[in-house]
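Below is one structure, written out as structure tokens; the observations come after it.
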Amino acid sequence: MPELPEVEVVRRTLAPRMVGDRVARIEARAPALREPLDAAALAGDLEGRRIEAVRRRAKYLLFDVKGGRTLALHLGMSGRLTLAEAGGAADELAEGAADGAAGGAAAEAAPGKHEHLVIHLASGRRLRFVDPRRFGLAFSLPTAAIGADPHFAHLGVEPLSDAFDGALLKAAARGRRGPVKPFLMDAKVVVGVGNIYASEALFAAGVHPRRSVARIAPARWRRLAAAVRETLERAIVQGGSSISDFVDGEGRAGYFQVTFAVYDREGLPCPRCATPVRRLVQAGRSTFYCPGCQT
DNA sequence: CGTAGACCCTGCGCGC
DNA sequence: TGCGCGCAGGGTCTAC
């Protein structure tokens, strides 16, 4: 569910309510995520420590605690975080929001299906990590060693940073030949551009998803970089405004506020020229584009 | 080195 | 109404 904007919206929701609080207890259960949960390491690194910052790198959420350790969470495809307030009432709300599919059976097990991790805070709040498809990740590491960690070492530039521009894309494309859409989604080039916003940014820039990166001139790279940035920033603003009403840290609501120009709109009219939107498959992922607007 | 494809896993929506 | 199939926001590994 999460691309960079959704992760960033969750981060902004959680940060003011978690920074300054303390990790009281880590509760790890459910089957392994992409990598097995190391409950002992999480407890040893985090329990009893004050949360100093909630940051983001690519699609990872980073919770820095006092003593130089960091909890890293990745939501994968289906991960969700909910921050339940102290006391019972808000708890139920969070459960309901997090488990939309479990409808019929009232006899669901108490902890909730697919609940992998619960972080109990000293204030009584609880951060729950639910991930049905188990593509997510949760691990702790020394804060100072994040850059060298294999999960982060090869990551490219942040798309909302000053370093990200047309010149960077052009340089990264040197010696490459493939289509631009998978290139945009390559985290070694630029992080956080997932399948939805890759299609959306290409549409906004008027670039055909199959165009070879070897045949993109500087002006077009500039347009594309600007489109990536603006598309992500707009999604953050829209997701953020929709989420501010929520009592929990649920990220999914943001998606319902954002309207896509082409993504998941095969056959529907392009918002700019009314030509029917087309779908194709690249690197195993669906791409949506307007054959009239994108060259 | 760069790229394409398979694979990890569960749930949902659609067509029959 | 039930069942099988295809597809889903991510990332990594292997084979070419």
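Just so we're clear, the structure is a prediction, and the values are computed from it rather than from any experiment. Throughout, a chain's letter reflects where its sequence line sits, starting with A, and its residues are numbered from 1.
Each side-chain hydrogen bond (donor to acceptor under 3.5 Å, both in side chains) pair with one or both residues in residues 211-220 of chain A, not counting sequence neighbours, appears once here: A:Arg220-A:Thr295. Pairs engaging residues 262-276 of chain A under the salt bridge (charged side-chain N to carboxylate O under 4.0 Å, His left out) rule: none recorded [sequence neighbours left out].
Using a 4.0 Å heavy-atom cutoff across all strands shown, A:Gly178 reaches sugar-phosphate atoms only and no base atom. Residue-level contact check: A:Arg176 touches the backbone only, with heavy atoms under 4.0 Å from sugar-phosphate atoms and none from bases.
The number of heavy-atom neighbours closer than 6.0 Å to CZ of A:Arg210, taken from other residues, nucleotides and ligands shown, is 12 or below.
The aromatic rings of A:Tyr263 and A:Phe260 sit perpendicular, their planes meeting at an angle over 60°, well past the 30° parallel limit. A:His151 and A:Tyr60 have perpendicular rings, their planes meeting at more than 60° on a 0 to 90° scale where under 30° would count as parallel.
Stacking between A:Phe135 and B:dC8 is shown: the ring centroid lies under 5.5 Å from the centre of the six-membered base ring, and the planes differ by under 30°.
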For residues 36-51 of chain A, tabulate all N or O donor-acceptor pairs below 3.5 Å that involve a side-chain atom, not counting sequence neighbours.
| unit_1 | atom_1 | unit_2 | atom_2 | d |
| --- | --- | --- | --- | --- |
| A:Asp38 | OD1 | A:Ala40 | N | 3.4 |
| A:Asp38 | OD1 | A:Ala41 | N | 3.1 |
| A:Asp45 | OD2 | A:Ser140 | OG | 2.6 |
| A:Glu47 | OE2 | A:Ile26 | N | 2.8 |
| A:Arg49 | NH1 | A:Lys66 | O | 3.2 |
| A:Arg50 | NH1 | A:Glu52 | OE1 | 2.9 |

Under 3.5 Å, side-chain donor or acceptor atoms of residues 165-186 of chain A against the rest of the protein: list the pairs with distances, not counting sequence neighbours.
| unit_1 | atom_1 | unit_2 | atom_2 | d |
| --- | --- | --- | --- | --- |
| A:Asp165 | OD1 | A:Ala167 | N | 3.2 |
| A:Asp165 | OD1 | A:Leu168 | N | 2.9 |
| A:Arg176 | NH1 | A:Asp186 | OD2 | 3.2 |
| A:Arg176 | NH2 | A:Asp186 | OD2 | 3.0 |
| A:Lys181 | NZ | A:Asn195 | OD1 | 2.5 |
| A:Lys181 | NZ | A:Ser286 | O | 3.3 |
| A:Lys181 | NZ | A:Thr287 | OG1 | 3.0 |
| A:Asp186 | OD1 | A:Lys188 | N | 2.9 |

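Taking 4.0 angstrom as the limit, A:His114 places a side-chain polar atom (N or O) nearer than this to OP1 or OP2 of B:dG11. Taking side-chain N and O atoms only, A:Ser78 has no distance below 4.0 Å to OP1 or OP2 of B:dG11.
In this structure, of C:dG9, B:dC9, C:dC7, it is C:dG9 that holds the atom nearest to the side chain of A:Glu3.
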Base-pair string, DNA chain C, Watson-Crick plus G-U, cut-off 3.5 Å on both distances, | for inter-strand, is .|||||||.|||||||
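As rounded to whole Å, 15 Å separates atom C1' of C:dG10 from atom CZ of A:Arg56. Per the geometry, NZ belonging to A:Lys188 stands 15 Å off P belonging to C:dG10, to the nearest Å. Rounded to an integer number of Å, the gap from NZ of A:Lys113 to C1' of B:dT10 is 8 Å. Following rounding to the nearest Å, A:Phe288 (CZ) and C:dC7 (P) show an atom-to-atom distance of 10 Å. Regarding A:Phe183, its CZ atom lies at a distance of 9 Å from the P atom of B:dT3, rounded to whole Å. With rounding to whole Å, A:Leu33 atom CG is found 17 Å from C:dG10 atom P. Taking atom CG of A:Asp186 as the reference point, atom C1' of B:dG2 lies 10 Å away to the nearest angstrom. As rounded to whole Å, 15 Å separates atom C1' of C:dG10 from atom CG of A:Leu73.
A donor N or O paired with an acceptor N or O is not found under 3.5 Å between the base of B:dC9 and the side-chain atoms of A:Arg134.
Residue whose closest nucleotide on DNA chain B sits further toward the 5' end, between A:Gly175 and A:Pro132: A:Gly175. Mapping A:Arg174 and A:Gly284 onto DNA chain B by nearest heavy atom places A:Arg174 closer to the 5' end of the strand.
Considering only residues two or more places apart in sequence or on other chains, A:Glu8 meets the salt bridge (charged side-chain N to carboxylate O under 4.0 Å, His left out) condition with A:Arg11, A:Arg12, A:Arg56. With sequence neighbours left out, A:Ala145 forms a side chain to side chain contact (heavy atoms under 4.5 Å, CB included) with A:Pro142.
Grouping Ile, Leu, Val, Met, Phe, Trp and Tyr residues whose side-chain heavy atoms lie under 4.5 Å apart, directly or via other members, leaves A:Val281 alone, with no other cluster members. The hydrophobic side chain of A:Leu268 is isolated, with no ILVMFWY side chain under 4.5 Å apart from it. A:Leu280 belongs to a hydrophobic cluster whose other members, connected by ILVMFWY side-chain contacts under 4.5 Å either directly or through intermediates, are A:Tyr289.
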Can you name the atoms? Protein N/O to nucleotides 11-14 of chain C N/O, anything below 3.5 Å, with the distance.
| unit_1 | atom_1 | unit_2 | atom_2 | d |
| --- | --- | --- | --- | --- |
| C:dG11 | OP1 | A:His74 | NE2 | 3.0 |
| C:dG11 | OP2 | A:Lys59 | NZ | 3.0 |

Restricting both atoms to N or O, compile the protein contacts to nucleotides 13-16 of chain B shorter than 3.5 Å, with distance only.
none

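Between the P atoms of B:dG5 and C:dC7, the separation comes to 15 Å (whole Å).
With hydrogens and angles disregarded, no donor-acceptor distance shorter than 3.5 Å links the side chain of A:Glu158 to the backbone of A:Val191.
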